[in-house]
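All remarks here apply to the structure that follows.
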Amino acid sequence: MSKKIVERVQQLKGKIKIPGDKSISHRAVMFGAIANGKTTVEGFLPGEDCLSTISCFRKLGIEIKQEEDRVTVFGKGWNGLSEASEILDVGNSGTTTRLMLGILATRPFHSVVIGDDSIAKRPMARVTEPLRKMGAKIDGRGKGNFTPLAIRGGQTKGITYTSPVASAQVKSAILLAGLQSEGITTVREPHKSRDHTERMLKAFGVELQEDGLTVSVVGGQELASQHVVVPGDISSAAFFLVAGAIVENSEITLTNVGINETRTGIIDVLLKMGAKLQLTNEKVINEEKMADLTIRTSELQGIEISGEIIPRLIDEIPIIAVLATQANGTTVIKDAEELKVKETNRIDTVVSQLKTLGANIEATDDGMIIHGPTPLIGGKVASFGDHRIGMAMAIAGLVSSAQVEIEDIEAIDVSYPTFFDHIQELI
Ligand code: S3P
């Protein structure tokens, strides 16, 4: 476990290229692996989570070349996947676990899926139950709710499933299984979750029907290989958007950031709080929108964040909490109980660690309440193995009066291995 000390800075100025989107990078590798032909990926995120996806699909018999942010996947169609002789280790990655289970549900062989201590605590019944209903045989701890999980796929039938949670991982797992199931598979969700699967499946030649909160696929579909250009990850950009807004004398431009509407809750929140944020150079590549984002030091107001916006910013709540400590007035975050089943229980970790740094913050059942502005005073905090907690604490350190010491900092490599280099470039 290594530590990092972050100190207050006088300004952040410059331009950085945010690394590739994690959700899109995972999907590019997985869809390339089940597609017919050679898929090339540009702008891939070489973070540990996406490398876990590559490693699992190699074990499933797919040749994959990776050099930094360039990946080539030699897909052989659905039947090109073969039984792995080893356990499939997903590391810290929930997306690898849940989407891969959807793919394995229709493969006529046995697989064992395992991950790290954090994955072992995350609920998997949200995918194993619907996949069982479709006909996959899945067993694991807690009646199939926790890893290690064993899955034997095969002949599956389409289902109509109403998900109790707005989760792109659940939606994607069921749709992927549906592509090789008999009949039609329909997923309905309570609010719209990120739609990268739908967009990328279309780019790979799949036909799907979308109607509001419902998505359907007809079984028996093959994917055709593609060239995928991955935009920068708005969830990674979020740390610098907040840093630029709260550090004095700052102006930061982030280039080629993905601005898919199902992900831009952070932009809506920043604008509503009064941030000086501008979008330029908007374009669309591979069905995904991207833009350059420029943020300047801003005078901020507390707001309420609840309802349908929550799935559009769920991964950004740790850094939004840091933002709220520097805003005038109270920020209330509601309807976010999903935070409890992320890489850590993020209601607990955000509230406890920000309190240590002097924030006026309290946990609620489904979120948190933050009273600002409060001067942060520095102190010793930890990531608890959660990349986004580690990065949120580092940004808090940039505005704290005394230094912030962060334990277990290597967790950041999961999604943003060059995070501290980028801070350094802006100081
Ligand atoms: C992801 C979906 C979200 C998100 C996660 C990535 C994806 O999780 O929090 O970081 O790539 O599909 P849920 O589907 O559990 O909401």
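Ligands are counted one by one from 1 in listed order, and the atoms in each one are counted from 1 as well. Remember, predicted model here, so these are calculated numbers, not experimental data.
- When each atom of ligand 1 is checked for a heavy atom of Ser167 under 4.0 Å away, the hits are 13 (P), 14 (O), 15 (O), 16 (O).
- With a 4.0 Å cut-off on non-hydrogen atoms, His196 does not touch ligand 1 at all.
- Residue, atom and distance of the protein heavy atom nearest to atom 4 (C) of ligand 1 are Asp315 OD2, 3.3 Å.
- For the residue pair Ser2 and Glu410, a side-chain donor N or O sits within less than 3.5 Å of a side-chain acceptor on the partner.
- Among protein heavy atoms, atom 1 (C) of ligand 1 sits closest to Gln169 NE2, 3.5 Å.
- A cation-pi contact links Lys4 to Phe420, judged by a cut-off of 6.0 Å to the six-membered ring centre and 45° from its axis.
- Of the possible donor and acceptor atoms, one in the side chain of Arg107 sits under 3.5 Å from a partner among the backbone N and O of Trp78.
- By the 3.5 Å distance cut-off applied to N or O atoms, Lys22 is not counted among the residues near ligand 1.
- The protein non-hydrogen atom at the shortest distance from atom 12 (O) of ligand 1 is Arg27 NH2, 2.7 Å.
- Put simply, the side chain of Thr418 never gets that close to the backbone of Asp421: no donor and acceptor are under 3.5 Å apart.
- Atom 11 (O) of ligand 1 has its closest protein heavy atom at Ser23 OG, 2.7 Å.
- Counting the atoms of ligand 1 from 1 in the order shown, those under 4.0 Å from a heavy atom of Lys342 are 3 (C), 4 (C), 8 (O), 9 (O), 13 (P), 15 (O), 16 (O).
- A donor-acceptor pair under 3.5 Å links the side-chain atoms of Lys171 to the main chain of Ser193, judged by distance alone.
- Residue Glu338 has no N or O atom closer than 3.5 Å to an N or O atom of ligand 1.
- At distances below 3.5 Å, not a single donor-acceptor pair connects side-chain atoms of Arg388 with backbone N or O atoms of Ile319.
- In this structure, Phe240 and Phe419 have tilted ring planes: the angle between them lies in the 30° to 60° band.
- The shortest N/O to N/O separation between Ala168 and ligand 1 falls below 3.5 Å.
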